[in-house]
Engineer: 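Below is one structure. I have some questions about it.
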2 protein chains.
Amino acid sequence: MGEAPDKAMSRRERLRVEATRQILEIALHQMASEGPGAISLRGIAREMGMTPRAIYSYFATRDDLITALIRHISSSLADALERARDAVPAAHPENRLLAWGQALRVWAMANPQGFQLVYGDPIPGYQQPEQGPVEEAALRICGGLNRLVAAACSPLPYSPEAAAEADWSDFPAGYLATVRAEVPDLSPAVASRALRVWGRLHGLVTLEIHGHLRAVCNDPAVLYRAEMLDLVRSLAPAPSGAGTDERNVITPAT
Amino acid sequence: MGEAPDKAMSRRERLRVEATRQILEIALHQMASEGPGAISLRGIAREMGMTPRAIYSYFATRDDLITALIRHISSSLADALERARDAVPAAHPENRLLAWGQALRVWAMANPQGFQLVYGDPIPGYQQPEQGPVEEAALRICGGLNRLVAAACSPLPYSPEAAAEADWSDFPAGYLATVRAEVPDLSPAVASRALRVWGRLHGLVTLEIHGHLRAVCNDPAVLYRAEMLDLVRSLAPAPSGAGTDERNVITPAT
DNA sequence: TTCCATAAGTATACGGCGTGTCATGTTTCT
DNA sequence: AGAAACATGACACGCCGTATACTTATGGAA
């Protein structure tokens with residue numbers, strides 16, 4: 001959480017870092033138990049045994065605190081995703097994608113409130129700064145996903161139907177530039193599929209988080225897994241030779 | 001909104017119905033402009049030129065008001081979906097599914113706050129009653145979707161992979177009973193696919209509603225359309241004869 | 001080592017929001 | 001005429017973010 005205290009800092013600075021760390025941690029805890037809307041300076045101060053006014057030495061305003069929180073949480077999510085992806089050898093792009101998706105759900109279930117802080121309704125009364133942390137994270141996550149999807153359907157032929165799927169003009173220039181930095185041989189079809197893959201994973205996760213799957217299926221993990229397998233299968237244009245076959249799709253540990 | 005005033009009612013009753021109608025309408029309007037968390041008895045009273053206390057004659061508590069609101073909105077959504085579905089001849093199940101999905105997005109974009117009231121984070125401090133209106137709506141919507149999906153992949157062969165997709169034990173008994181009332185020849189694979197289809201649509205819609213698609217694609221409708229087409233194509237086990245071919249998938253008017 | 005600017009902390013207060021509950025009129029139906 | 005439904009204004013109680021003014025501890029320069 002935040003920067004780690006460093007030996008080179010003065011005592012004062014160490015205390016300061018430690019205090020901001022604690023503030024963010026308590027805010028996180030409050031959000032986890034009462035929802036993002038329950039984050040309040042007073043509540044944090046109460047829990048820290050401080051005066052509400054004292055918080056202002058660390059965050060000039062409530063919105064600043066929330067912005068810091070969002071930034072921290074979303075980068076924590078991005079870290080988790082990249083870690084999961086890198087744990088699978090690059091030679092198995094489908095499995096990397098599977099691991100990525102699995103990590104997304106696992107993280108979301110472990111931090112439901114964090115997930116909804118980043119992807120859900122904005123906190124009432126909170127005005128995010130321009131070029132807010134949310135968009136930052138979205139770009140980072142989307143970029144990574146594009147690379148994965150591009151790899152997973154690597155020999156995407158230039159079939160007419162793939163060309164009909166999407167066009168360069170469908171995407172904003174800034175986004176394309178960012179993604180191209182990671183995926184040089186990007187095609188519109190891949191960009192479109194990456195976003196749609198994101199949507200598929202996001203949909204089941206949010207449904208589950210908000211409890212809409214509770215009444216309709218016993219184990220959402222099973223559903224999610226089936227969806228991911230279907231998804232990977234639909235990306236790889238399928239076995240016309242030594243391509244991806246079912247046996248290559250191993251099951252990552254839950 | 002609510003029951004319509006009836007000639008048979010006394011003047012008093014007509015006034016009462018009209019007042020509750022107006023209360024709900026204003027609540028709806030408030031929610032649409034300030035978000036679900038901003039719904040407040042006092043705010044409504046202010047806008048109606050009434051004393052806050054007067055509202056309590058119609059809704060005993062704030063939670064009751066919200067429950068009524070959720071019930072009204074979710075049934076409005078279900079109505080819209082069924083209307084769109086029925087506008088397409090039953091002979092074209094894929095197109096019915098397409099229309100259903102299209103209607104979902106259109107409704108959501110027209111009532112984003114309503115959508116998040118039903119599917120998003122619960123309103124802070126709101127305790128939904130047991131067997132709440134949310135689950136009611138979920139069952140109704142899920143049931144309809146199951147029927148559509150079953151029709152769209154009607155000659156689903158009992159292939160081993162389809163059997164591996166899901167099992168009866170994956171679904172709670174109550175849910176199965178409800179769905180079977182509409183879809184007598186339900187199979188586990190269809191039930192699983194229906195939920196996953198729901199997830200695919202839901203994912204893109206929520207991403208768009210929360211603004212996460214703004215920075216990454218120019219026209220979410222195009223993306224959504226591509227996803228729906230892909231989805232329909234993946235349901236129908238594909239052309240091994242006179243089945244579904246691309247030409248059958250007509251474009252419903254936006 | 002001394003001393004002072006600065007930062008972190010305290011207490012208190014303002015103005016606003018919200019839900020829900022009193023006792024008390026006022027209108028309408030029977 | 002009387003009972004029920006509806007409306008009123010004043011309260012109680014709780015939250016919130018933020019501001020002012022004052023005290024204390026700290027860190028570095030003289």
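Order of the sequence lines sets the chain letters (A, B, ...), proteins ahead of strands, with each chain counted from 1.
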Engineer: Verify whether one side chain among B/Tyr58 and B/Asp64 offers a donor that lies under 3.5 Å from an acceptor in the other.
Structural biologist: no

Engineer: Find the distance A/Ile39:CD1 to D/dC16:P and express it as a whole number of Å.
Structural biologist: 12 Å

Engineer: Please verify the inter-ring angle class for A/Phe115 with A/Trp107; under 30° counts as parallel, over 60° as perpendicular, anything in between as tilted.
Structural biologist: tilted

Engineer: Using a cut-off of 6.0 Å, state whether more than 12 heavy atoms not belonging to A/Gln127 lie near its atom CD.
Structural biologist: no

Engineer: Taking atom P of D/dT26 as reference, at what distance in whole Å does atom CG of A/Leu15 sit?
Structural biologist: 8 Å

Engineer: In whole Å, what is the span from the CD atom of A/Glu34 to the P atom of D/dG14?
Structural biologist: 17 Å

Engineer: Consider the side chain of A/Leu41, meaning its heavy atoms from C-beta on, and name the nucleotide among C/dT21, D/dC16, D/dT18 that approaches it most closely.
Structural biologist: D/dT18

Engineer: Taking the ring of A/His210 and the ring of B/Tyr119, is the distance between their centroids below 6.0 Å?
Structural biologist: no

Engineer: Find the distance A/Arg16:CZ to C/dA8:C1' and express it as a whole number of Å.
Structural biologist: 9 Å

Engineer: Contact class for A/Arg42 (heavy atom, under 4.0 Å): base, sugar-phosphate, or nothing?
Structural biologist: base

Engineer: As a test of understanding, state which of A/Arg140, A/Arg147, A/Arg96 forms a salt bridge (Lys or Arg N to Asp or Glu O under 4.0 Å) with A/Glu82.
Structural biologist: A/Arg140

Engineer: Does C/dA7 have OP1 or OP2 sitting under 4.0 Å from an N or O in the side chain of A/Ser57?
Structural biologist: no

Engineer: Counting the atoms with a prime plus P, OP1 and OP2 as sugar-phosphate, which does A/Arg53 contact under 4.0 Å by heavy atoms, base, sugar-phosphate, or nothing?
Structural biologist: base

Engineer: Categorize B/Tyr58 for me: base, sugar-phosphate, or nothing, with a 4.0 angstrom heavy-atom threshold over every strand shown.
Structural biologist: sugar-phosphate

Engineer: Please compare A/Pro52 and A/Ile55 by the position of their nearest nucleotide in DNA chain C and report the one closer to 5'.
Structural biologist: A/Ile55

Engineer: Whole angstrom is fine here: how far is it from OH in B/Tyr56 over to P in C/dG18?
Structural biologist: 11 Å

Engineer: Could you tell me the separation between the CD1 atom of B/Ile23 and the C1' atom of D/dC6, rounded to a whole number of Å?
Structural biologist: 12 Å

Engineer: Quick one: label B/Thr51 by what it contacts on the DNA or RNA (base, sugar-phosphate, nothing), any heavy atom closer than 4.0 Å.
Structural biologist: base

Engineer: Measure from CZ on B/Arg46 to C1' on C/dG16 and round the result to the nearest Å.
Structural biologist: 11 Å

Engineer: Quick one: A/Arg62 CZ to C/dC17 C1', roughly how many Å, whole number?
Structural biologist: 13 Å

Engineer: Hey, is the side chain of B/Thr61 poking within less than 4.0 Å of OP1 or OP2 on C/dG20, counting only N and O atoms?
Structural biologist: yes

